[in-house]
Amino acid sequence: MKTQINNRHRHLSAAAGRYAQVLYELKIPADAVKESERIFSETPELGEVLCSPVVSREKKFSLIDRIFPAEIRNFLKTACRHHRLDIAEDIFCAYEEYCREQEHIVSAVLSCTEPPSEEQLEKMEAFLCGRYGAVKAKIQVCRDESLLGGFILRVGNDEYDWSIKGRLDRLKQKLTWR
């Protein structure tokens with residue numbers, strides 16, 4: 001069962017990635033994409049209606065024409081025609097990620113007990129740009145008191161742990177393994 005779920009998630013992620021790439025290549029204005037994402041997130045019932053097999057395609061298309069920005073309507077109708085609006089949220093997330101990749105922007109999450117200074121942020125940005133070949137780094141700062149001090153910087157699957165908690169955990173591991 002777990003394998004089926006993982007395969008379905010991988011399939012949906014791949015499908016969302018393909019739709020995101022098409023959305024990017026169509027050069028639909030970013031504000032139209034953002035507005036559509038906002039509409040879907042604020043009205044979950046809309047997604048249910050657009051995915052419902054009971055509602056006719058004509059009614060769905062009419063709804064799309066009335067609610068969404070003109071520049072994205074054909075894309076949404078195509079996704080609707082192929083029964084893919086159930087992954088609209090995944091498509092929008094994949095679109096943002098794809099845009100960052102195309103613009104060579106790396107995204108990171110910085111967990112820390114105290115917000116970093118402007119100088120520290122600039123150094124982290126320079127490190128990330130050099131490490132990942134990016135022209136810009138976008139760092140989201142999150143406070144985490146459990147770290148006791150220091151920070152953890154996460155980029156995709158990579159993690160740079162310079163927290164006191166992480167150092168104590170590593171020391172404990174070394175001492176218990178000997």
Side-chain angles (χ1 to χ4, degrees), residues 1-111 115 121 124-125 128-144 152-159:
M1 179 70 172
K2 187 175 182 180
T3 305
Q4 286 177 328
I5 292 170
N6 287 340
N7 287 340
R8 182 176 177 346
H9 178 70
R10 246 192 312 269
H11 176 69
L12 288 179
S13 296
R18 288 189 302 272
Y19 274 87
Q21 186 176 351
V22 168
L23 187 56
Y24 180 85
E25 290 172 358
L26 288 172
K27 297 186 183 346
I28 293 172
D31 58 334
V33 176
K34 277 283 178 210
E35 177 65 12
S36 300
E37 181 179 16
R38 184 192 64 74
I39 292 168
F40 271 108
S41 69
E42 289 180 1
T43 52
E45 306 83 20
L46 175 63
E48 292 172 16
V49 169
L50 293 174
C51 293
S52 173
V54 178
V55 179
S56 72
R57 184 181 289 175
E58 292 74 27
K59 286 184 181 178
K60 291 176 185 179
F61 286 5
S62 173
L63 197 57
I64 289 170
D65 285 335
R66 283 186 287 144
I67 296 175
F68 293 96
E71 302 91 345
I72 199 167
R73 290 177 189 159
N74 286 337
F75 173 83
L76 293 174
K77 288 176 184 177
T78 300
C80 182
R81 191 177 298 114
H82 293 283
H83 308 286
R84 284 311 202 181
L85 285 180
D86 60 327
I87 60 169
E89 184 180 328
D90 294 337
I91 292 170
F92 292 126
C93 287
Y95 170 79
E96 287 178 23
E97 186 177 315
Y98 189 78
C99 287
R100 285 191 300 269
E101 285 175 13
Q102 298 307 303
E103 296 165 5
H104 303 289
I105 298 173
V106 66
S107 292
V109 176
L110 175 68
S111 299
L121 270 177
M124 285 182 200
E125 243 187 271
L128 292 170
C129 288
R131 178 84 165 110
Y132 295 95
V135 295
K136 185 177 179 189
K138 192 174 177 183
I139 302 173
Q140 177 187 352
V141 179
C142 298
R143 290 186 69 125
D144 185 349
I152 298 175
L153 185 62
R154 291 182 185 90
V155 180
N157 292 330
D158 296 339
E159 183 176 275

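- At a threshold of 4.5 Å between non-hydrogen side-chain atoms, the residues F75 and I64 do not count as touching.
- With a 4.5 Å cut-off on side-chain heavy atoms, C51 and H83 do not count as touching.
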Q) salt bridge (Lys or Arg N to Asp or Glu O under 4.0 Å) between K77 and D65: does it pass, once the steps are laid out? A) CA-CA 9 Å; K77 288 176 184 177; D65 285 335; 2.8 Å; yes
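- A heavy-atom distance below 4.5 Å is found between the side chains of E96 and E37.
- The CG atom of L85 lies 13.0 Å from the CD atom of E48; values are rounded to the nearest 0.5 Å.
- A108 and L153 make their closest contact through CB-CD1, 3.9 Å (heavy atoms, listed as atom of the first residue, atom of the second, distance).
- Across every non-hydrogen atom of A137 and C129, the tightest pair is N-SG, 3.8 Å.
- If you take CD1 on I72 and CD1 on I28, they are separated by 5.0 Å, rounding to the nearest 0.5 Å.
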**Asked** Can you check side chain to side chain contact (heavy atoms under 4.5 Å, CB included) on M124 and L110, steps first, answer last?
**Response** CA-CA 10 Å; M124 285 182 200; L110 175 68; 3.8 Å; yes
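- Atom CD of E89 sits in a sparse spot, with 12 or fewer heavy atoms from other residues, nucleotides or ligands closer than 6.0 Å.
- Residues V109 and I152 fail the side-chain proximity criterion, which asks for heavy atoms closer than 4.5 Å.
- In this structure the side chain of I87 never reaches within 4.5 angstrom of the side chain of F92, judged on heavy atoms.
- When side chains are defined from C-beta on, S62 counts as touching R66, because their heavy atoms get closer than 4.5 Å.
- Not a single donor-acceptor pair under 3.5 Å links the side chain of T43 to the backbone N or O of E45.
- Contact annotation: the side chain of E125 approaches that of I139 to within less than 4.5 Å [non-hydrogen atoms, C-beta and beyond].
- Between H104 and K136, every side-chain heavy-atom pair lies at or beyond the 4.5 Å cut-off.
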Scan the side chains in residues 19-26 for donor-acceptor partners under 3.5 Å anywhere in the protein, sequence neighbours excluded, and list what turns up.
| residue | atom | partner | partner atom | Å |
| --- | --- | --- | --- | --- |
| Q21 | NE2 | E25 | OE2 | 3.1 |

- Please lay out, stage by stage, how D86 and R84 fare under the test side chain to side chain contact (heavy atoms under 4.5 Å, CB included). CA-CA 5 Å; D86 60 327; R84 284 311 202 181; 4.3 Å; yes
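- Between the OG atom of S36 and the CZ atom of R73 there is a distance of 9.5 Å, given to the nearest 0.5 Å.
- To the nearest 0.5 Å, atoms OG (S52) and CG (L50) are separated by 9.5 Å.
- In this structure, the separation between CG on D158 and CZ on R154 is 12.0 Å, given to the nearest 0.5 Å.
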